[in-house]
Amino acid sequence: MKEYLYTAFKNAEKIIPELAEISISFDVPKILEHGDLSSNAAMLLSKKLKKNPRVIAQEIIDALSLDSAVIQKTEIAGPGFINFFFTPRATAEILKDIFKQVDNFGRSTKYSGKKANIEFVSANPTGPLTVGHGRNAIIGDTIANLLEAIGYRVDREYYFNNAGRQMRVLGDSVRLRYLELLGNKNDFPADYYQGEYIKDIAKSLFNEFGDKLKDEDAEGLFKEVAEREIFKDIKKTLDNLGVHHNIFFNENSLYEEGKIAALLESFKEKNLSYEKDGAVWLKLSELGQEEDKVIVKNTGEPTYRLPDIAYHIEKIKRGYDLLIDLFGSDHNATYPDVMAGIRALGYDSSKVKVLIHQFVTIVQGGEVVKMSTRKANFITLDELTEEVGKDVVRYFFNMRNISSHMVFDLELAKKQSDENPVFYLQYAHARISSIMREVKRESLEPSLNNLHLLTTNHEQNLLKVLHNFNEKLLYSAENFEAHLLCNYLEELAAAYHRFHRFCRILGSEKNLAEARLALAVATKIVLKNGLTILGVSAPEKM
RNA sequence: GCCCCCGUAGCUCAGUGGAUAGAGCAGAAGUUUCCUAAACUUUUGGUCGGAGGUUCGAUUCCUCUCGGGGGUACCA
């Protein structure tokens, strides 16, 4: 419908040349009485033409030469809006597109041939994923789905580190638990990993090796086994949610391939680093940042900045058109340094898009639960998924703006899961599936031959919502905002449920029944396409 | 101190500079001989944290301010 108006406005430039100077756009009015689409062009021109916007609006309408088979009427409203009302028949044309494209309806080829990479989760293998990681995992995977829907080829990447202090402590935690099993009492340090999973790993080592490991050091087998087991669990947890990375990038490989040493050398050559107090500093204050930061500690170990810069350079070299980093807000201070480092070495950081999501506040029994992997005070993502199911977890994390500090009330999620909006969407899909089973008895087929019969408010409204899918999906993907897709699908489901209540298929005259059936089937297609992008199932029965 | 995010209905949250700020839940009243009532209809509930500014028009953009969260490491 918009395309029609864009063309009409374009042609009207011959009569009102100033139309070419403003950006023409059409909004779907919030209120039904304001028509199907509205334009603010007259208001935008009012200053330029020094005329009352309502007068200009009339001149625009006169210049448009609209087809009455498409546009039923136009009106000038409020300060100078032009409202367009489409004929029911023109509105129903959308069903033809949906039936033609089916699973591909809504998908776009706008970014075909482009490659994107999204790095997300990226938790080091020190313990099970928590509910907090869940938000990152779901947002990341859904953004990847959205990008694929608009044509990108997407790599899902997981960056991790199995070296460093964190992992040493992990290995030693397992070692101490293992020694406990051999009867050696020890003071298990408070800053070690307290979780039961550490004891489980120690137990499996004890079962396999008996006391043969009592003189092993923490860095060897203990750490290796802990990492392997924990990673296995993490992948299982993600698998349960339908999240699959196709690239796992180990920070260690940057050291092994000499990338870290080379990077350090480049900074030195470019006179961007210096030594002070036994450490190597990066001159970030000369690169637009607040202050210089350490890149190699006086212990000889790099800080995270150095490998992070090296890692991003590696990704940039792979030739992506878009590189997304998805972090929790606790990392929000780290990326500007990394970007500055990349730019300083002459790499293009403009393709890197950093997305920061805010924390999930867990509330249990009316109290905020503070999460810490080390203290083993957390609710695992697995526990949550088992409690409420994959669809609820995915929908819950997708339905809110990533910048919102969301509250996750565990009791509510478990107890009142029936009231989660995801069931509202799925139920609409299941209802249509049910109708499709029923109509077979009456030998009704969806038909596009009598779409002019779809004239009631409920039918027309549903059709109009269907019209919006392409645009909403594209906008949602280009802005990395999956919650907009959720909002849209809720609107679609609501429109369908109303249609379902007031416009019966079985029992209606055949031509009308088949036109309505086409509308229902089209709705089912769009619901399913949307839910699939969210990673939520579209059940045939509930 | 400085940086990022948030503040909208009792609660959880939408809101792409536009017209009368919305949804779900919770509260009130209804709808089923009928394709699934996990639904639908009606209804109560708002100084959009506050104050300035830009604009024909601000919940939306800017400045200041108050409140909450996260950072500001030779942790990541």
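Each chain gets a letter, A, B and so on, in the order the sequences are listed, and its residues count up from 1.
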### Task
Could you tell me whether the side chains of A/Thr126 and A/Asn124 share a donor-acceptor contact shorter than 3.5 Å?
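The criterion, which ignores hydrogens and geometry beyond distance, is not satisfied for A/Asn124 and A/Thr126.
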
### Message
Just by distance, no angles: are the side chains of A/Asp325 and A/Tyr335 close enough, under 3.5 Å, to form a donor-acceptor pair?
### Response
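No, because no side-chain N or O of A/Asp325 sits under 3.5 Å from a partner of the opposite role on A/Tyr335.
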
Show each protein N/O and nucleotides 65-69 of chain B N/O combination with a separation under 3.5 Å, one pair to a line.
from  : atom 1 : to       : atom 2 : distance (Å)
B/G68 : N2     : A/His405 : NE2    : 3.2

### Task
Using only side-chain N and O atoms of A/His331, determine if any of them is under 4.0 Å from OP1 or OP2 of B/G70.
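It does not, given that no N or O in the side chain of A/His331 lies less than 4.0 Å from OP1 or OP2 of B/G70.
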
### Contact under 4.0 Å: A/Lys30 side-chain N or O vs B/G15 OP1/OP2
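Indeed not, no polar side-chain atom of A/Lys30 lies that close.
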
### Query
Is atom NZ of A/Lys528 surrounded by more than 12 heavy atoms (other residues, nucleotides or ligands) closer than 6.0 Å?
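No, because the 6.0 Å sphere around NZ of A/Lys528 holds 12 heavy atoms or fewer from other groups.
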
Polar-atom pairs under 3.5 Å, protein N or O versus N or O of nucleotides 40-46 of chain B: list them with distances, or write none.
from  : atom 1 : to       : atom 2 : distance (Å)
B/C40 : OP1    : A/Tyr424 : OH     : 2.5

### Query
Out of B/C74, B/U16, B/A19, which nucleotide sits closest to the side chain of A/Val294?
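Of B/C74, B/U16, B/A19, B/C74 is nearest to the side chain of A/Val294.
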
### Query
A/Tyr304 on top of B/C75's base, within under 5.5 Å and under 30°?
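The ring of A/Tyr304 is not stacked on B/C75.
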
### Message
Run through RNA chain B and report every stem of 3 or more consecutive Watson-Crick or G-U pairs, distances under 3.5 Å, ordered by first number.
### Response
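Stems (3+ consecutive pairs) listed as B:1-7 with B:66-72, B:10-13 with B:22-25, B:27-31 with B:39-43, B:49-53 with B:61-65.
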
### Message
Counting distance alone, no hydrogens or angles: does the base of B/U72 have a donor or acceptor under 3.5 Å from a partner atom on the side chain of A/Lys293?
### Response
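Check fails, no donor-acceptor contact within cut-off.
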
### Query
Does a distance-only test, which skips hydrogens and angles, find a donor-acceptor pair under 3.5 Å between the side chain of A/Asn83 and the base of B/A19?
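Looking at the base of B/A19, it does pair with a donor or acceptor on the side chain of A/Asn83 (distance under 3.5 Å).
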
Show the distances under 3.5 angstrom between N or O atoms of the protein and N or O atoms of nucleotides 54-58 of chain B.
from  : atom 1 : to      : atom 2 : distance (Å)
B/C56 : OP1    : A/Lys47 : NZ     : 2.4

Pairs of donor and acceptor atoms involving the side chains of residues 480-487 of chain A, under 3.5 Å and at least two apart or interchain, shall be tabulated with distances.
none

### Query
Going by heavy atoms closer than 4.0 Å, what residues in residues 511-527 of chain A are next to RNA chain B?
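When residues 511-527 of chain A is checked for heavy atoms under 4.0 Å from RNA chain B, there are no hits whatsoever.
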
### Task
Describe, in one word, how the ring planes of A/Phe248 and A/Phe160 are oriented to each other, choosing from parallel (under 30°), tilted (30 to 60°) and perpendicular (over 60°).
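Because their plane-to-plane angle is over 60°, the rings of A/Phe248 and A/Phe160 count as perpendicular.
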
